[in-house]
Amino acid sequence: IDFISVVRDPIARNISAFFENSWKFIPDPPDSAGLGHTFLLRYPHHVPTTWFQKQVEETLGIDVFSASFDLNEGYLRAENGRLRIHILKFESGMQRIAEQLARVTGRDIRAIPHENNSAFKPLGNEYSTLRSELRVPLALANELIESRYCHHFFTSAERQALYERW
């Protein structure tokens with residue numbers, strides 16, 4: 001049985017998840033001026049850094065951190081008996097992900113449509129503004145960027161770029 005998962009810049013991922021689950025965090029109507037503050041205070045930022053331990057290792061018995069992640073290809077395969085997980089890196093780009101999915105599934109996958117884009121949803125303007133204007137406090141950036149997750153799935157240059165971005 002094959003499972004496929006994607007890793008992503010944890011801060012960008014958290015912003016997307018914050019808007020995807022906006023009903024939990026954002027008042028209606030939204031207070032656009034306070035969204036950054038709400039995001040920083042209310043969103044559980046640890047989710048991407050603990051997800052593989054809680055969801056994959058505890059459920060499937062697969063420790064993805066004991067498997068080598070190919071930083072050049074943005075790909076990892078780990079297994080436990082008949083269970084396999086394939087991890088793809090979002091930042092590798094949709095073409096690379098399509099190629100990896102084709103290899104994993106044995107199907108002709110030439111492109112992946114970008115269907116679930118927060119920028120085109122009801123709070124799309126607020127999402128785009130937060131992504132462009134948010135500056136993450138150093139303590140939170142350190143917690144995420146220096147996590148086991150980021151050290152496993154991102155090069156040192158990519159982690160440095162995350163600091164500069166956020």
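With values rounded to the nearest 0.5 angstrom, Ile4 atom CD1 is found 10.5 Å from Arg84 atom CZ. One finds the CG atom of Leu123 at 7.5 Å from the CG atom of Leu35 (value rounded to the nearest 0.5 Å). Interatomic distance, NE2 of His46 versus CG of Asn14, reported as 9.5 Å (0.5 Å rounding). The distance from the CG atom of Leu76 to the CZ atom of Phe52 is 8.5 Å, given to the nearest 0.5 Å. Here the CD1-CG distance, from Ile145 to Leu162, works out to 5.0 Å after rounding to the nearest 0.5 Å. Here the OG1 atom belonging to Thr38 is positioned 5.5 Å from the CZ atom belonging to Phe18, to the nearest 0.5 angstrom.
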Run the side-chain donor-acceptor check on residues 96-103: report pairs under 3.5 Å with partners two or more places apart or on a different chain.
residue : atom : partner : partner atom : Å
Arg96   : NH1  : Asn72   : O            : 3.0
Glu99   : OE2  : Gln95   : NE2          : 3.4
Gln100  : NE2  : Glu73   : O            : 2.5

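The shortest side-chain heavy-atom distance between Leu134 and Leu40 falls under the 4.5 Å cut-off. Contact annotation: the side chain of Val7 never approaches that of Trp51 to less than 4.5 Å [non-hydrogen atoms, C-beta and beyond].
Evaluation of the side-chain hydrogen bond (donor to acceptor under 3.5 Å, both in side chains) rule for Glu164 yields Gln160 as partners, not counting sequence neighbours. With sequence neighbours excluded, the residues that form a side chain to side chain contact (heavy atoms under 4.5 Å, CB included) with Thr155 are Leu71, Ala157, Glu158. Residues passing the ring pair (Phe, Tyr, Trp, His ring centres under 6.0 Å) test with His152 are Phe65, sequence neighbours excluded. A search for ring pair (Phe, Tyr, Trp, His ring centres under 6.0 Å) contacts involving Tyr149 returns Phe153, not counting sequence neighbours. Partners of Phe154 according to the ring pair (Phe, Tyr, Trp, His ring centres under 6.0 Å) rule, which considers only residues two or more places apart in sequence or in another chain, do not exist here. Under the rule for a salt bridge (charged side-chain N to carboxylate O under 4.0 Å, His left out), Arg107 has no partner lying at least two apart in sequence or in another chain. By the side-chain hydrogen bond (donor to acceptor under 3.5 Å, both in side chains) test, Glu146 is found to be paired with His151, Tyr163, residues two or more places apart in sequence or in another chain being considered. Residues that satisfy the side-chain hydrogen bond (donor to acceptor under 3.5 Å, both in side chains) test with Arg165, not counting sequence neighbours, are absent from this structure. With sequence neighbours left out, Thr49 forms a side-chain hydrogen bond (donor to acceptor under 3.5 Å, both in side chains) with no residue at all. Residues satisfying the salt bridge (charged side-chain N to carboxylate O under 4.0 Å, His left out) criterion with Arg42, sequence neighbours excluded, are absent altogether.
Between the side chain of Ser92 and the backbone N or O of Lys89 there is at least one donor-acceptor pair closer than 3.5 Å.
Aromatic ring pairs are classed by plane angle as parallel below 30°, tilted from 30° to 60° and perpendicular above 60°; the pair Tyr43 and His45 is perpendicular.
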Exercise for review: For Gln55 and Ser5, run side chain to side chain contact (heavy atoms under 4.5 Å, CB included): C-alpha distance rounded to whole Å, both residues' side-chain angles, the deciding distance at 0.1 Å, then the answer.
Suggested key: CA-CA 11 Å; Gln55 301 300 322; Ser5 185; over 6 Å; no

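Legend: salt bridge (charged side-chain N to carboxylate O under 4.0 Å, His left out) pairs involving residues 129-144, not counting sequence neighbours: none detected.
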